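From a predicted model like this one, the values you see are computed outputs, not experimental measurements.
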Amino acid sequence: MTPYGLAKLLRDQPGLEELTPGGGAMGLEDLQSTDVSNLRSFQVYLKEAALLVPGCPIAKLRLLPESQPQYYDETFFSKLFHLTERITDFSYCLHPMAPESTRHQIQLIAQNVPYVERLTVTVNGRISSQILLQEIPSLHSLRRLTFLDAELAGSEDLIEEMTEKLKCSHTLDLDLHTEKSWSSFFEELRSGCPELVNADYTPVVRTCCFEPYL
């Protein structure tokens, strides 16, 4: 389908509520939010989201991983969520920078997505448990929290020490330690997030090297 054909197809469906286009933003640049005014669920890249999210009654937004990491700053959040007040399900990828960037981005979510009930964060590395415990409670409506491809930075020293000692046949021991670390973290997090009913994670696919934490 040509870009023009895609735009026309979407305009001909004024009642469209869910959109997961492929192949980048081609065909969407000529659309306006009024063309898809009933859109409630959007799974797209950043460029596509910036085109159509503002002004739509979107409740679920998933920003897909980019080939180059994106840093979501104040300008991004203010533009993306302008006139979009009721996003309750938000997924995005952390930028691989220093730990304080994690703090800043969570603060921006709290300010700009105040009604978020479900947050999914793709980490692709380590993340500071201390910063999460300090900042996640600011998401007052949060009920479900998921970290993808994530490892807690607070346990990094012990994990590295254990990895040096363990043989390949003993990787189960390392997995059990990681699971215990996350269980303890989620238990402590719930004490500051009374609305949180579900929290989980998927581990980093481990290679021979350790990634810097986020």
Side-chain angles (χ1 to χ4, degrees), residues 18 39-46 49-50 53-66 69-155 178-179 181-204 213-214:
E18 182 174 355
L39 193 63
R40 296 188 56 79
S41 178
F42 207 10
Q43 178 174 304
V44 288
Y45 293 102
L46 176 61
V53 169
C56 283
I58 290 176
K60 179 179 181 180
L61 175 63
R62 180 186 178 194
L63 296 179
L64 297 174
E66 306 277 352
Q70 301 291 321
Y71 182 73
Y72 307 124
D73 58 12
E74 292 94 337
T75 301
F76 162 78
F77 272 96
S78 62
K79 288 183 177 180
L80 183 61
F81 296 108
H82 179 60
L83 300 179
T84 307
E85 300 179 351
R86 282 292 179 179
I87 290 179
T88 58
D89 189 337
F90 182 48
S91 303
Y92 80 116
C93 301
L94 277 177
H95 190 283
M97 292 178 63
E100 287 304 311
S101 71
T102 300
R103 183 190 304 278
H104 188 214
Q105 291 186 39
I106 295 175
Q107 291 173 348
L108 288 175
I109 292 174
Q111 295 167 11
N112 293 276
V113 199
Y115 302 106
V116 64
E117 298 177 5
R118 182 169 187 168
L119 178 65
T120 302
V121 183
T122 300
V123 180
N124 291 323
R126 293 178 177 173
I127 190 167
S128 168
S129 58
Q130 180 180 3
I131 289 178
L132 293 176
L133 290 171
Q134 292 171 348
E135 299 299 335
I136 290 295
S138 65
L139 305 175
H140 301 298
S141 300
L142 192 64
R143 296 177 58 80
R144 298 182 181 275
L145 176 65
T146 302
F147 295 101
L148 302 179
D149 298 328
E151 180 179 289
L152 287 177
S155 60
T178 302
E179 182 67 33
S181 298
W182 278 98
S183 296
S184 299
F185 164 72
F186 286 137
E187 182 178 352
E188 186 172 355
L189 182 63
R190 285 189 177 93
S191 66
C193 301
E195 299 298 322
L196 189 64
V197 296
N198 182 272
D200 57 13
Y201 78 102
T202 62
V204 173
Y213 67 81
L214 301 179

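The line from CD of E18 to CD of Q43 is 8.0 Å long, rounded to the nearest 0.5 Å. Taken from CD1 in I109 to CD1 in I136, the straight-line distance is 7.5 Å, to the nearest 0.5 Å. Taking CD1 of I58 as the reference point, atom OG of S41 lies at 8.0 Å (rounded to 0.5 Å). Atom CD1 of I127 is separated from atom CD of E151 by 11.5 Å, given to the nearest 0.5 angstrom. With rounding to the nearest 0.5 angstrom, the OG atom of S91 is 9.0 Å from the CG atom of L64.
By the neighbour-count criterion of 12 heavy atoms within 6.0 Å, atom CD of Q107 is densely surrounded, having more than that number from other residues, nucleotides or ligands.
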Subject >> Working for side chain to side chain contact (heavy atoms under 4.5 Å, CB included), residues F147 and D200 >> reply: CA-CA 7 Å; F147 295 101; D200 57 13; over 6 Å; no
**OP:** Please lay out, stage by stage, how T146 and Y201 fare under the test side chain to side chain contact (heavy atoms under 4.5 Å, CB included).
**Re:** CA-CA 5 Å; T146 302; Y201 78 102; 6.0 Å; no
**OP:** Give the C-alpha distance, both sets of side-chain angles, the deciding distance and a yes or no for side chain to side chain contact (heavy atoms under 4.5 Å, CB included) between L196 and L145.
**Re:** CA-CA 8 Å; L196 189 64; L145 176 65; 4.1 Å; yes
**OP:** Take Y92 and Q105, measure what side chain to side chain contact (heavy atoms under 4.5 Å, CB included) needs, and give me the verdict at the end.
**Re:** CA-CA 11 Å; Y92 80 116; Q105 291 186 39; 3.2 Å; yes
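No donor-acceptor pair closer than 3.5 Å links the side chain of S128 to the backbone N or O of A153.
Contact check for L132 versus I106: side-chain heavy atoms found under the 4.5 Å cut-off. No side-chain heavy atom of D89 sits less than 4.5 Å from a side-chain heavy atom of L61. The shortest distance between side-chain heavy atoms of R103 and I131 falls below 4.5 Å.
In plain terms, the two heavy atoms of Y115 and R86 that are nearest each other are CD2-NH1, 3.3 Å. Here the closest heavy-atom approach between residue S129 and residue L152 is recorded as CB-CD2, 3.8 Å. Closest approach of L148 to T202, counting heavy atoms only: CA-OG1, 3.2 Å. What you find for C193 and P137 is that their closest heavy atoms are SG-CA, 3.7 Å.
Residue pairs satisfying the salt bridge (Lys or Arg N to Asp or Glu O under 4.0 Å) criterion with at least one member in residues 136-146, sequence neighbours excluded, are listed as follows: R143-E195.
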Without placing hydrogens or testing angles, list every side-chain donor-acceptor pair under 3.5 Å for residues 184-191, not counting sequence neighbours.
unit_1	atom_1	unit_2	atom_2	d
S184	OG	K180	O	3.1
S191	OG	E188	O	2.5

